[in-house]
2 protein chains.
Amino acid sequence: MARSGRLSPSGDQRESGRQQILDVIRAAESIARIDIAKATGVSPATVTAITAELLAAGLIEEVAPESSSEARRGRPRVALKIRGGAHLIAGLKVSHHVISTVITDFVGEELASHEMPLAQGRMPVPVLCSQIRRALELTCQKGGFTIDDLSGVGLGLAGMIDAERSFIYWSSSLEERNVPFGEAIARELPCPVFLDNDANLVAKAEHLFGEGRTCDNFIVITIEHGVGMGIVIDGKIYRGTRGCGAEFGHTKVHLEGALCQCGQRGCLEAYVGDYALLREANISSGSERHRTLASLFQAAEKGDSMALSILDRARRMFAMGLANVVNIFDPTKIILAGARLSFDHLYSGKVIGEMRQWVVQVDAPLPEVIVHDWGDLMWAKGAAAYGIEEVTARTVKELANAAA
Amino acid sequence: MARSGRLSPSGDQRESGRQQILDVIRAAESIARIDIAKATGVSPATVTAITAELLAAGLIEEVAPESSSEARRGRPRVALKIRGGAHLIAGLKVSHHVISTVITDFVGEELASHEMPLAQGRMPVPVLCSQIRRALELTCQKGGFTIDDLSGVGLGLAGMIDAERSFIYWSSSLEERNVPFGEAIARELPCPVFLDNDANLVAKAEHLFGEGRTCDNFIVITIEHGVGMGIVIDGKIYRGTRGCGAEFGHTKVHLEGALCQCGQRGCLEAYVGDYALLREANISSGSERHRTLASLFQAAEKGDSMALSILDRARRMFAMGLANVVNIFDPTKIILAGARLSFDHLYSGKVIGEMRQWVVQVDAPLPEVIVHDWGDLMWAKGAAAYGIEEVTARTVKELANAAA
DNA sequence: ATGATTTAATTTGAAACTCAAAAAAAATAT
DNA sequence: ATATTTTTTTTGAGTTTCAAATTAAATCAT
C-alpha cells in the first residue's frame with residue numbers, strides 16, 4: 001500500500017494553503033490578494049489570513065502602489081510579491097573543469113556569480129566537498145556575504161542521482177560510486193544542501209522562472225557533454241522510483257549501434273553528443289582531423305560531405321529521440337534549453353520539422369517546441385531554483401510547526 | 001497559471017477523505033477501521049465518521065467476523081469491504097472482429113460475459129453505437145439484468161483517444177476521424193459511459209485488481225494487434241495533455257526502418273506486431289508462406305533459420321523498447337499483460353534478460369518485470385475496472401453534494 | 001465464573017479552518 | 001460633499017479533524 005498522506009497534518013492544517021499561495025505569488029511575480037483568490041479558488045477572507053501570516057513571517061511583502069497609469073475606481077489593489085531579502089540561496093553546478101556558482105535572493109535575482117576552475121574532472125568525495133565549499137566561499141566574498149548567510153544551497157551534478165536520498169549512484173565528477181553525498185556535503189556546510197541531477201535542475205528553473213512558468217506538464221531537454229532530460233508532471237519533477245529515470249541520452253535508438261561512453265551501444269548520446277561527433281569525424285574523415293566541434297562545423301559549412309553527413313545523422317537521430325518523447329509524454333511543451341546554444345545545430349527548425357514528421361499524427365496541435373537560451377549560468381541558476389523551492393517548502397513547514 | 005483547486009470545495013470538504021478511504025478498502029479487499037487509520041494517517045475518530053457515512057450510503061459493508069483461526073485478545077476488529085451489490089458495471093472492448101463484454105458487481109466480481117462477433121472491423125459511428133448497445137443487451141440478458149440496471153459502462157477501443165473529453169481522434173474500429181464519441185454513445189445508453197484507449201484500461205485493471213494493487217508507479221505493456229502502453233504515476237493514469245501519449249508502439253526504434261501500419265517508418269510495432277512478423281515472413285521466406293503466427297512459430301521450432309531470424313529481431317527490438325521505458329520512467333514495476341499469452345515469445349526470460357543489459361546500469365535493483373496472463377477477458381475486465389473507478393468517483397461526489 | 005487486561009470502535013469536546021456576509025478602507029465619479 | 005465602486009479585513013457560523021475519554025467485546029488469569 002503505497003498510498004499515504006493524512007487529511008490534515010498534525011498541528012497545523014494550513015501548510016498546503018500557504019505553499020499554494022506562495023507558489024502563485026512567485027509565478028505571478030506580483031499579484032493582488034483578490035487575484036490570488038481568483039487564481040486559487042480560495043476565498044478572499046482566507047487569502048487575507050494566509051498572506052497576513054506570510055507577511056508577518058517576512059516571506060512576502062507589499063508592493064508600493066504604482067500611482068501611475070490609468071487609475072481604476074474603488075479601493076486600489078495592493079500587490080504582493082516574494083520578499084527578496086527573505087533568504088539568500090546559492091546554486092552550484094559541478095562540470096568537468098569548472099564549478100559555476102550563483103547566489104540569488106529569494107526572488108531569484110542574481111546577486112553574485114563565480115566560475116572556479118577545477119584541476120581534475122574526477123575526484124574523491126572529500127576533495128569535491130572542499131572544492132564546493134571553496135567555490136561557495138569565493139562567490140560569497142564577491143557578493144559581500146559569508147557562507148553562514150545562506151539559507152540553502154542547490155547542487156547539480158551530471159550523473160545518476162537519487163535526489164530524495166541525496167545519493168549519488170554515479171557521477172562523472174566522482175571517483176567513487178554509490179555515495180551518500182548529501183551527508184558528506186552536509187558536514188562541510190552550515191546550511192541544507194539540495195542535490196539533484198543537473199537536467200532536473202534546469203527543469204526546475206524553467207518551471208519557476210522560465211518557459212515553464214505557465215504550464216505544469218512539460219519536458220526539458222538539455223545538451224552539455226551528454227544529453228539530459230527533465231520531466232515535469234503536474235508541476236513536479238518526475239524522477240522515477242530509484243531516482244534514475246529520465247535518461248533520455250541513454251535511450252536506445254539503434255540495435256547494435258554506436259558505442260556510448262556508458263559502455264552500451266545504440267544510445268542517443270552516442271550519436272549526438274559532442275564526443276560522439278568528434279570521434280566519428282576523426283575515424284571517418286581520414287586525413288583531416290577535428291579537435292573541436294567548431295572545426296567540424298566549419299568543415300560542414302565549407303561543404304565537406306563527410307562532416308555534413310555526420311551532422312545530418314546526429315540531427316536525424318536527435319529528431320527521432322524528440323519524437324519518441326512526444327509519442328510517450330504528449331507534453332504541453334518541449335523546452336530545448338541551452339547554456340549558450342553551442343548546439344544550435346540540434347536546436348534548429350530543421351530538426352523540429354523532422355521531429356514533427358515522426359510524431360504520431362492526430363488532428364490536434366502538436367506540442368510547442370521552444371528553444372531557450374539561458375546563457376552561461378543556466379546550470380547554476382537551475383541549482384539555485386531548486387534551492388529556492390526547497391527552502392520555501394522548509395520555511396512553510398516551519399511556519400506550520402510554529403503555529404502549532 | 002495552470003495551478004488551481006480550492007482548499008475546500010463548496011458544500012462538503014470530505015470528498016477527498018471519502019475517496020481515499022474507499023480506495024484503501026478496495027485495494028485491501030477487506031480491512032478493519034483501525035488499519036484504515038494506520039494506512040491513511042487519518043485518525044480513528046474520522047475513519048469511524050467517514051465509514052459510517054459510506055455504510056449508510058450502501059457503498060461498503062461490514063464483513064461477518066471470522067471466528068476461525070488464532071483469535072487475538074481485545075475487541076475483535078470488524079473488517080469492511082466494498083459492497084458488491086452497490087452498483088452493476090459493464091466493461092466493453094471493441095476489437096476488430098468481436099465486442100467482448102463483461103458485467104461485474106461493484107467489487108469487480110464477474111457476473112456475466114459475452115463475445116459478440118462483428119461483421120466488419122471498421123464502421124460508421126452510429127453502427128458501432130448500436131452494436132455496442134446490442135452487445136450490452138446480450139450480456140445483460142445472459143446475467144439476468146437489463147441495461148437500466150447498470151450504473152456505468154467502461155469502453156475500450158484501440159486508437160488515439162482523449163479520455164477526458166471522450167473524444168476519438170482515430171480508432172481502428174471507426175470509419176470517421178475526430179469523433180466526439182462520448183456524446184454519440186451517451187444518446188444510446190441510459191447510464192454514463194467512460195471511454196479510453198484499451199491499454200490504459202488494462203493499466204487501470206492492474207491497479208485496481210491486479211499486479212499494480214500494491215504500487216502506485218508502474219508501466220503496463222500490452223500486445224494485441226499492436227503494442228500498447230499504460231503509464232501509472234502516483235496512482236493515476238498518465239495520458240498526456242492531448243490524451244494521446246503513451247504511444248509505445250509508435251516509438252521509433254530505427255532510422256528509416258520498417259514501414260508501420262500508421263504510415264511511418266521505424267515504429268516498434270512495425271517490428272514486433274503480428275502483421276509485421278507475417279509480412280516479413282512472407283516477403284523473405286520465398287516459397288513457404290505463413291498465414292498465421294502459429295505457422296511461423298512452428299517453422300522456427302523446426303529450425304527454419306528465416307523464421308528464427310525474424311522472431312529474434314522482434315525480440316531484440318522489443319527488449320530495446322522495454323529498456324527505453326525503464327531508462328525514461330524508472331518504474332517500480334513493468335507489467336507485461338497478455339490476453340492469452342499468444343505473445344509469450346516476446347514475454348520471455350530471454351527478452352527480459354536482454355532488456356536488463358540495455359538498461360542504464362546503477363547499483364540498485366532493477367524494476368521488477370512481471371508477466372500477467374489475464375485470460376481472454378483481459379480487455380473487457382480492464383474496461384470494467386475503469387467503469388468501477390469512475391462510478392465510485394461520481395458516487396462520492398454525489399454523497400458530498402447530498403451532505404451539503 | 002469473574003474480574004483484569006487488551007484491543008477496537010465510538011463518543012465527546014476543543015481547536016482550527018474556511019467561507020459568506022457584513023463592515024471598513026480607499027480610491028474615483030458626479 | 002456625496003455616491004459609487006472595488007479591494008481588503010473582520011465577524012460569526014458551520015465543518016472538519018483530532019486527542020482523549022468512553023464504551024464494546026474479546027481473551028487471560030485465577
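Proteins get letters first, then strands, A, B, ... in listed order; numbering begins at 1 in each. What's counted below: heavy atoms across the whole structure, side chains too, no hydrogens, waters or symmetry copies.
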Q: D/dT7, D/dT8, C/dT11: which one has an atom nearest the side-chain heavy atoms of B/Thr48?
A: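 Ranking D/dT7, D/dT8, C/dT11 by closest atom to the B/Thr48 side chain puts C/dT11 first.
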Q: Taking only side-chain N and O atoms of A/Arg75, does any of them lie within less than 4.0 angstrom of OP1 or OP2 on D/dT9?
A: no
Q: Under 6.0 Å from the six-membered ring centre of A/Phe167 and within 45° of its axis: does the NZ or CZ of A/Arg242 meet both?
A: no
Q: Whole-Å distance between C/dT10 P and B/Ile34 CD1?
A: 11 Å
Q: Mind checking whether A/Phe218 and A/His207 have parallel, tilted or perpendicular rings, split at 30° and 60°?
A: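 Judged by the thresholds at 30° and 60°, the geometry between A/Phe218 and A/His207 is tilted.
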Q: Determine the interplanar angle of the B/Phe329 and A/Phe329 rings, folded into 0 to 90°, and report it as parallel if under 30°, tilted if 30 to 60°, perpendicular if over 60°.
A: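 B/Phe329 and A/Phe329: tilted rings.
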Q: How long is the line joining CZ of B/Arg14 and P of C/dT18, in whole Å?
A: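 Checked: the CZ to P distance equals 17 Å.
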Q: Expressed in angstrom and rounded to an integer, what is the separation of A/Arg77 atom CZ from C/dT28 atom C1'?
A: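 These atoms are roughly 15 Å apart.
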Q: Mind calculating the distance between CD1 (B/Ile36) and P (C/dT10) to the nearest angstrom?
A: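 Checked: the CD1 to P distance equals 11 Å.
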Q: Let me know the distance between CG of A/Asp35 and P of D/dT6, rounded to the nearest Å.
A: 14 Å
Q: Assuming nearest nucleotide by heavy-atom distance, tell me which of A/Gly74 and B/Pro44 is located more 5' along DNA chain D.
A: A/Gly74
Q: Starting at atom CG of B/Leu80, determine the distance to atom C1' of C/dT10, rounded to an integer number of angstrom.
A: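 Value for this atom pair: 14 Å.
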Q: Between D/dT17 atom C1' and B/Glu15 atom CD, what is the distance in whole Å?
A: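 Those two atoms, CD and C1', are 18 Å apart.
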Q: Would you please confirm or rule out a distance under 4.0 Å between OP1 or OP2 of D/dT7 and any side-chain N or O of A/Arg73?
A: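 No, A/Arg73 has no side-chain N/O under 4.0 Å of OP1/OP2 on D/dT7.
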Q: If you check every side-chain atom of B/Ala45, which of D/dT7, D/dT10, D/dC18 has the closest atom?
A: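 Selected nucleotide: D/dC18.
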Q: So how far is it from A/Arg165 CZ to A/Glu183 CD, rounded to the nearest 0.5 Å?
A: 10.5 Å
Q: Taking only the side-chain nitrogens and oxygens of A/Ser43, find out if one of them lies under 4.0 Å from OP1 or OP2 of C/dT18.
A: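 The answer is no; no side-chain N or O of A/Ser43 sits under 4.0 Å from OP1 or OP2.
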Q: Categorize A/Val78 for me: base, sugar-phosphate, or nothing, with a 4.0 angstrom heavy-atom threshold over every strand shown.
A: sugar-phosphate
Q: Give the nucleotide from the list D/dT17, D/dT7, C/dA9 with an atom nearest to the side chain of B/Arg33.
A: C/dA9
Q: When the distance from CZ of B/Arg72 to C1' of C/dT6 is rounded to whole Å, what number comes out?
A: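 Value for this atom pair: 11 Å.
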Q: Nearest-nucleotide wise, let me know which of B/Val47 and A/Pro76 is further upstream toward the 5' end of DNA chain C.
A: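 Going by which nucleotide is closer to the 5' end, it is B/Val47.
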Q: Can you check whether A/Tyr386 reaches A/Leu208 side chain to side chain, under 4.5 Å on heavy atoms?
A: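 Answer no - side chains too far apart.
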